[in-house]
Every structure is written in structure tokens, then in C-alpha cells.
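First the structure, in the form of C-alpha cells, and then the observations on it.
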Amino acid sequence: MDWYSIVKFLHVVSAILWVGGGFVLFLLGVLAERAGNIEDKLQAMRASGQLGGRFFAPMSMLTLIFGLVMCGFWVGFGELWIVIGLVGYTTTFSIGMLIFKPTGERMGAMVAEQGVTPAVLAIGQRMMRWARLDYAVMLVIIADMVLKPTLHDIGILAGMAMVVALGAALAFGGGRQLVPSAA
């Protein structure tokens, strides 16, 4: 076995743990939301907040580091699929650090101080909306890493753009409410 294979294996394992683990929590939140189960939804959000800095951020950093090592030593940085992967990574990492982390911390403080309030649930709903976009971007990153599109792969690139657009529409175009209306 060569060093490239080892680094690639570590890159893939860290990506699986990062994306797969987060997807499970996202899915639990969606299922709880659809069932109208606020307590399960809050549990998924708490778990996301607790694991964000301790697990997801380190796994995402390891994914990036191993990917950069592969690019630096073997692959290079000039291919379109590398650029798409780096832009996607930057997008999802930024969502995690600028949206999920502070929002989770704010929610935790509000729950500790006031309990579960409509304001906490509204913040959780906004967080779930961002998660839809985040996982659309992650899906594109996965497709990008597997398919390795070039500028000539118009169908793949269009499909990737459609997935991000759909994720943005699901995130910000309206949809179901977590907080039941007081009717």
C-alpha cells in the first residue's frame, strides 16, 4: 500500500464520520418535526450543539487536511472538481461556524434560563432551515468527489447547481412550521 492510498482512506473515513453523523442528527430532527414531537426535535438539536465543536468540526478539519495533503502531493489544485470541493467545504464549514455553533449555544443558554419557549423553537426552526442548505451542499461535495466533473460535464454541473438551488429553496422558501400556531 502506498501513502496516497492511506491518506485517501483517512480522507474518506473522516468525511463519512463528519457527513454521515451530521446527517443522522438532521434526519432525526426532520422526523421529529414531521411527527410534531418537540422534545425529540430539541434532543436532536442539543446533540448537534454538543457534537458540533467536539466531533463534527474536528472531522471536517481532518477531511480538509487529508484532502489538501492529497492535492499538495499527488493531485494538484487545478482541476474543477477540486475547486468545487473546496468551495463546498468552505460553504458548509462557514455555515457550521457562523450559524450552527452560535445558534446552538444561544439555544442552550435560553433553554437553561427559560426552558423550552416559542422563541427557542423558532430559533431551532431557523437552524433546521440552514441544515437543509448545508446538506444540499454536502451532497454536491460527495457527488463532486465521486464524479470529478470537468467543464465539459454540463449535465453533472447543472445537476449540482439544481441540488444547491433546491436546498436553498427548502431552506428559505417557506415550508412547515416547528412551532404550532396558537389557534
Side-chain angles (χ1 to χ4, degrees), residues 15-49 51-52 56-57 59-60 63-64 67 80-107 110 117-183:
I16 288 169
L17 293 172
W18 170 38
V19 176
F23 185 74
V24 168
L25 289 176
F26 172 71
L27 186 58
L28 289 173
V30 168
L31 293 174
E33 181 178 55
R34 289 199 175 162
N37 190 327
I38 293 171
E39 189 54 43
D40 285 353
K41 177 89 169 163
L42 287 172
Q43 181 61 31
M45 286 184 224
R46 275 191 287 265
S48 295
L51 293 172
F56 296 125
M59 287 299 110
S60 74
T63 302
L64 175 65
L80 178 62
W81 65 273
I82 298 292
V83 174
I84 291 171
L86 289 171
V87 168
Y89 176 87
T90 301
T91 301
T92 190
F93 187 81
S94 297
I95 290 170
M97 290 294 112
L98 300 175
I99 305 294
F100 293 155
K101 185 178 186 307
T103 302
E105 290 170 355
R106 186 170 69 239
M107 280 181 60
M110 289 174 71
T117 64
V120 169
L121 296 175
I123 291 170
Q125 180 64 31
R126 283 192 298 274
M127 205 163 141
M128 281 298 293
R129 290 182 180 277
W130 277 100
R132 291 179 179 113
L133 175 61
D134 190 48
Y135 273 92
V137 172
M138 285 191 185
L139 180 61
V140 166
I141 295 169
I142 292 166
D144 179 61
M145 293 293 115
V146 172
L147 301 173
K148 298 177 178 24
T150 67
L151 283 174
H152 302 291
D153 296 313
I154 303 301
I156 293 170
L157 296 172
M160 291 172 153
M162 286 175 46
V163 168
V164 172
L166 179 61
L170 290 172
F172 307 113
R176 293 176 48 130
Q177 289 184 331
L178 192 166
V179 182
S181 60

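Small disclaimer: the values here were computed from a predicted structure and weren't measured.
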Distance, nearest 0.5 Å, that separates [atom1] of [X] from [atom2] of [Y]:
X: M145; Y: I82; atom1: CE; atom2: CD1; result: 5.5 Å
X: F93; Y: L64; atom1: CZ; atom2: CG; result: 8.5 Å
X: L121; Y: M127; atom1: CG; atom2: CE; result: 13.0 Å

My understanding is that only residues two or more places apart in sequence, or in another chain, count here; which of them pass side-chain contact (heavy atoms from CB on, under 4.5 Å) with [X]?
X: A143; answer: L147, M160
X: I99; answer: I95, T103, W130
X: A119; answer: M110, T117
X: V87; answer: V83, T91

List in chain and number order the residues that pass ring-ring contact (aromatic ring centres under 6.0 Å, His included) with Y135, two or more places apart in sequence or in another chain; answer none if no residue qualifies.
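Y135 satisfies ring-ring contact (aromatic ring centres under 6.0 Å, His included) with F23, F26 only.
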Residues that W81 engages under ring-ring contact (aromatic ring centres under 6.0 Å, His included), provided they are two or more places apart
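With sequence neighbours excluded, W81 shows a ring-ring contact (aromatic ring centres under 6.0 Å, His included) to no residue whatsoever.
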Donor-acceptor pairs under 3.5 angstrom involving side-chain atoms of residues 164-171: please list them, not counting sequence neighbours.
none

Check this for me: M162, atom CE, are more than 12 non-hydrogen atoms of other residues, nucleotides or ligands nearer than 6.0 Å?
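12 or below, so no.
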For [X] versus [Y], what's the shortest heavy-atom pair and its separation?
X: P149; Y: D144; result: CD-OD1, 3.4 Å
X: D40; Y: A32; result: CB-CB, 3.6 Å
X: G88; Y: I141; result: C-CD1, 3.3 Å
X: W18; Y: S60; result: CE2-CB, 3.3 Å

I need the full list of salt bridge (Lys or Arg N to Asp or Glu O under 4.0 Å) pairs touching residues 83-106, with sequence neighbours left out, sorted by first then second residue.
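Only K101-E105 qualify under salt bridge (Lys or Arg N to Asp or Glu O under 4.0 Å).
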Applying side chain to side chain donor-acceptor pair (under 3.5 Å) as the test, list every pair that has at least one member in residues 150-163; sequence neighbours left out.
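Counting only pairs at least two positions apart or across chains, the side chain to side chain donor-acceptor pair (under 3.5 Å) contacts touching residues 150-163 are T150-D153.
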